[in-house]
Amino acid sequence: MSSASQKALLIPSKGAEFEVGTRSIPKPGPGEVLVKLHAAALNPLDNIMQKYGLFIESYPAVPGNDGAGTVEELGEGVIGLQKGDRVARGPLTAIPSKYSFDEAATIPLGFATAALGLYDKRGKHGRVNLPSVWSAAGGAELPTPWSAAGRDKYKGHPAVITGGASSVGQFVIQLAKLSGFGPIITTASSRNAEYAKAAGATHVIDYNTTSYADLPAAVAKITSTPVPLIYDVIASPESQKASWAILAPKGTLVVSHDPVVGKLGEEAEDSKRVELVWGSTTDSDWHEIGNDIWAHLTGLLETGAVKPNKVEVLPDGLAGIPAGVERVGQGKVSGVKLVAHPQETA
Ligand SMILES: NC(=O)c1ccc[n+]([C@@H]2O[C@H](COP(=O)([O-])OP(=O)(O)OC[C@H]3O[C@@H](n4cnc5c(N)ncnc54)[C@H](OP(=O)(O)O)[C@@H]3O)[C@@H](O)[C@H]2O)c1
């Protein structure tokens, strides 16, 4: 391998198996930064990209949405960063020294999805040129908890968040706590109840023993106060129907997959809304909210208000990633984020 090339995990063509190959090391252009990755985290999206080619424009493609490392080279006009700085993707958030690269790599996509679902403006069709339902993506439009208007604003109001042991669910719970919501009710396997509570959940319902059809009754036993916010991270048809039944009039249900309830981007008869989150800030419609979110993330990490996910490190560098992506796709990851070390590739 020449000094200007590096090993990379490639998807050779649509639906093909991953391959470890070689790519040239890019030169950062104006406003860009070259980052040497120390840790890359896996997401359900990686599995969807490999299998169906979603969001891939050309092959061979290099997958991956989350990473952390050190700044290697600065492109022209970059300010505020220096060679050697520890950063996480999204976009280049400085990592407080108390967190490892592994921990930092767990944050970007999960945190962006959590924050955008809560604070993004309400969706409307044709917002940007994204395919299908995504053009109507939006959020609950809550005031951010780092603004004076938002911190603790929802004291006394319950929130329901499905998937409290998932990467996104962990961050939604932490942010809902900052907004003052309580009780915070979540669903997770019993073995992950403490993990969900450490993020800020007050009540954990085991979805393996209480089906989503029974969730409304289980929530009613915990609180009789109307529930104005539900973030359905899992967004299965069953969890969406349960969430819609629990949601108070004028409340907002945020879903991470195509809605099967309500009318996307419109109020339903009882003024309930469903919003489909778009967990990326790279498109122009999301720059303003993205800048606000990323500007506050380092501070939230420093105070411990936001904590990274639990980590499981995969063996064998890039070669260990395909089995990990398969596990994520099969729903065989529980209460951890899988992280790989590309530099450990044989
Ligand atoms: N719209 C977007 O832009 C966007 C962005 C990112 C992610 N997503 C989607 O959001 C979802 C979560 O992503 P993630 O990265 O957070 O996933 P993840 O961390 O890989 O999720 C794994 C966790 O899901 C939990 N889980 C599985 N089925 C569940 C159920 N029926 N009820 C409650 N919990 C359940 C498991 O909990 P236990 O181990 O406790 O059983 C497990 O810990 C995925 O479907 C993903 O595709 C969408």
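Atoms within each ligand, like the ligands themselves, are counted from 1 in listed order.
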### Task
Could you pull out every protein residue that has a heavy atom closer than 4.0 Å to ligand 1, ordered by chain and then number?
Pro44, Thr113, Trp134, Gly163, Ala165, Ser166, Ser167, Val168, Thr187, Ala188, Ser189, Arg191, Asn192, Tyr207, Tyr212, Val233, Ile234, Ser256, His257, Val277, Trp278, Gly279, Val333, Ser334, Gly335

Please set out all donor-acceptor pairs under 3.5 angstrom arising from side-chain atoms of residues 106-115, sequence neighbours excluded.
from: Thr106; atom 1: OG1; to: Glu103; atom 2: O; distance (Å): 2.7
from: Thr106; atom 1: OG1; to: Asn309; atom 2: N; distance (Å): 3.0
from: Thr113; atom 1: OG1; to: Leu109; atom 2: O; distance (Å): 2.7

### Query
Is the shortest distance from a Lys or Arg side-chain nitrogen in Lys83 or Glu73 to a carboxylate oxygen in the other one below 4.0 Å?
no

### Task
Mind telling me whether Phe55 and Trp278 have parallel, tilted or perpendicular rings, with 30° and 60° as the class edges?
perpendicular

### Sequence-distant partners of Asp46, salt bridge (Lys or Arg N to Asp or Glu O under 4.0 Å), two or more places apart
none

#### Entry: For Val313, the rest of its hydrophobic cluster, which grows through side-chain links under 4.5 angstrom
Val311, Val339

### Message
I'd like to know if Glu326 pairs up with Lys51 as an ion pair, taking the criterion as any Lys NZ or Arg NE/NH1/NH2 lying under 4.0 Å from an Asp or Glu carboxylate oxygen.
### Response
yes

